[in-house]
Amino acid sequence: ARAPTQERRRQLRAQHAAAAALCHKVGMRGCKELRNAASAYWHNKGLSAADLERLGTLGSVLPALKVLSLSGNAAHPDGVRLLAEGLGAGDLPAMTHLILSDTRMGDPGAAALATALTKGALPRIEVLAARDNGIGDAGLLSLAQALRLRPTLEGLSLAGNPLGDESLAALVAPPLKTGALARLKRLDLDRNQIGDDGLAALADCIARGYWQQIGR
C-alpha cells in the first residue's frame, strides 16, 4: 500500500521542482510568489514548450492571476497548444487579460485554446491578444465559437494573422447585440487576408447597430 503513496509523493516533488524552476526562470522567488501574483508580464523570457506546458498545469492553483502576458516566447510552435491543453474547467478563474502575441501558436494553438475556453477555463476573460501568430481561417473558426460564448469579452487583437473571410464571417455572425460578443469594444484585424466578403460581414454588423461602443 505504501508504494503508490511514495510514487505520488515523488511525482509531487518533481512537479514542485519544475514549477519552482519556471518561477526562477521568469525572475520570481518561488511558487508562493506566483500563487499570489495578480499579474505576470513574462515577455521574451525564452520559455520553452515544456515551460508553457508546466504553466498550463498550474491553472487551478493561480486564483489571483488577472493578467498573463507571454508575448515573444516563440521558441517552439507547440508551446501555446501544450499550455492550453493543461487547462481545465474553472482554471485561471480571475484572469481578465491573456496576451499571447508572437508565440507561434498557429491553428493548433488556437484550436487548443478554444477547447480550453469551451471547457470553462478563464471564465472572466475580457481581453485576448494573439497578434502575429500564423492563425488562419481554421484557427479562428475554432476560436470564434468559443469566444462567442464569452459575454465578458471586450477586446480581441488578431492583427498580423493570415485569416480571411470565412473565419471573420463566423466570428461576427448575428446575433451580437445582446448575445455573442455583445460587449466587444476593440477588434484589431490589421495585416490579414480578409477580402470583400469578410468586410461586408463586418460592415453589416456595424450597419445593424452592433458594437456601437467600439472605439469609445
Side-chain angles (χ1 to χ4, degrees), residues 49 52-53 56 68-87 95 97-123 125-177 179-208 210-211 213-215:
L52 294 181
E53 182 176 22
L68 174 63
S69 179
L70 298 171
S71 294
N73 290 288
H76 197 286
D78 287 336
V80 171
R81 176 182 65 79
L82 292 169
L83 184 155
E85 287 177 352
L87 297 174
M95 184 165 293
H97 290 64
L98 179 60
I99 315 301
L100 297 172
S101 299
D102 190 23
T103 53
R104 298 174 66 193
M105 61 190 292
D107 291 340
L113 180 58
T115 297
L117 292 171
T118 301
K119 287 179 181 177
L122 294 92
I125 188 70
E126 294 178 5
V127 174
L128 172 63
R131 299 165 61 95
D132 301 302
N133 267 319
I135 300 172
D137 274 334
L140 183 53
L141 283 170
S142 297
L143 267 178
Q145 299 308 312
L147 293 175
R148 286 169 59 84
L149 297 175
R150 290 308 173 94
T152 57
L153 193 70
E154 296 184 358
L156 179 60
S157 179
L158 295 168
N161 289 294
L163 50 92
D165 294 342
E166 181 183 7
S167 58
L168 178 59
L171 179 67
V172 302
L176 294 170
K177 196 165 189 178
L181 304 182
R183 292 179 59 183
L184 197 67
K185 297 178 181 179
R186 179 179 177 84
L187 180 61
D188 185 358
L189 295 170
D190 289 347
R191 296 176 288 119
N192 53 59
Q193 295 181 8
I194 296 170
D196 291 345
D197 291 344
L199 291 175
L202 187 58
D204 181 63
C205 290
I206 296 172
R208 291 171 182 264
Y210 302 144
W211 300 340
Q213 67 271 38
I214 283 185

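Keep in mind the model is a prediction, meaning the values are calculated, not measured.
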Practice task
Examine distances only and state if a side-chain atom of Arg131 and a backbone atom of Asp188 form a donor-acceptor pair shorter than 3.5 Å.
Solution key: no
Problem - Close side-chain approach of Leu140 and Asn161, heavy atoms under 4.5 Å - result: no
Practice task
Measure the CZ-CG distance between Arg81 and Leu52 for me, rounded to the nearest 0.5 Å.
Solution key: 11.5 Å
Practice task
Taking Asp190 for its side chain and Ala159 for its backbone only, find out whether a donor-acceptor pair lies under 3.5 Å.
Solution key: no
Exercise for the section: Over all heavy atoms of both residues, which pair between Gln193 and Pro162 is shortest? Give the atoms and the distance, please. Expected result: NE2-CB, 3.6 Å
Exercise for the section: Kindly say whether Ala74 contributes a backbone atom to a donor-acceptor pair with the side chain of Arg104 at under 3.5 angstrom? Expected result: yes
Problem - CG on Leu202 to CG on Asp197, rounded to 0.5 Å - result: 12.5 Å
Exercise for the section: State whether the side chain of Asp107 and the backbone N or O of Ile135 hold a donor-acceptor pair below 3.5 Å, judged by distance alone. Expected result: no
Practice task
With rounding to the nearest 0.5 Å, note down the distance linking CG in Leu98 to CG in Leu70.
Solution key: 7.0 Å
Exercise for the section: For residues Leu156 and Leu181, determine if any side-chain heavy atom of one lies less than 4.5 Å from a side-chain heavy atom of the other. Expected result: no
Exercise for the section: Determine whether Val172 and Asp204 make a side-chain contact, defined as any pair of heavy atoms from C-beta on separated by less than 4.5 Å. Expected result: no
Practice task
Determine whether more than 12 heavy atoms belonging to other residues, nucleotides or ligands lie under 6.0 Å from atom CG of Asp196.
Solution key: no
Problem - Heavy-atom closest contact (Ala116 atom, Ala84 atom, distance) - result: CB-O, 3.7 Å
Exercise for the section: Would you check if the side chain of Arg148 reaches a backbone N or O of Leu171 as a donor-acceptor pair within less than 3.5 Å? Expected result: yes
Exercise for the section: With rounding to the nearest 0.5 Å, note down the distance linking CG in Leu100 to CE in Met105. Expected result: 5.5 Å
Handout entry: pair Ile194-Asp165: side-chain heavy atoms closer than 4.5 Å
Key = yes
Fill in the blank from the handout: Taking every heavy atom of Ala146 against every heavy atom of Thr118, the minimum-distance pair comes out as CB-OG1, 3.8 Å
Exercise for the section: Supply the atom-to-atom distance Leu87 CG to Leu82 CG, rounded to the nearest 0.5 angstrom. Expected result: 11.0 Å
Problem - Leu128 side chain near Leu122 side chain, heavy-atom distance below 4.5 Å - result: no
Exercise for the section: Give the minimum heavy-atom separation between Glu85 and Ala112, together with the two atoms involved. Expected result: CG-CB, 4.2 Å
Practice task
For the pair Asp132 (side chain) and Ser101 (backbone), establish whether a donor and an acceptor sit closer than 3.5 Å, ignoring hydrogens and angles.
Solution key: no
Handout entry: Distance, nearest 0.5 Å, that separates CG of Asp137 from CG of Leu168
Key = 9.0 Å
Practice task
Would you confirm whether Thr152, through its side chain, and Ile125, through its main-chain N or O, come within 3.5 Å as a donor-acceptor pair?
Solution key: yes
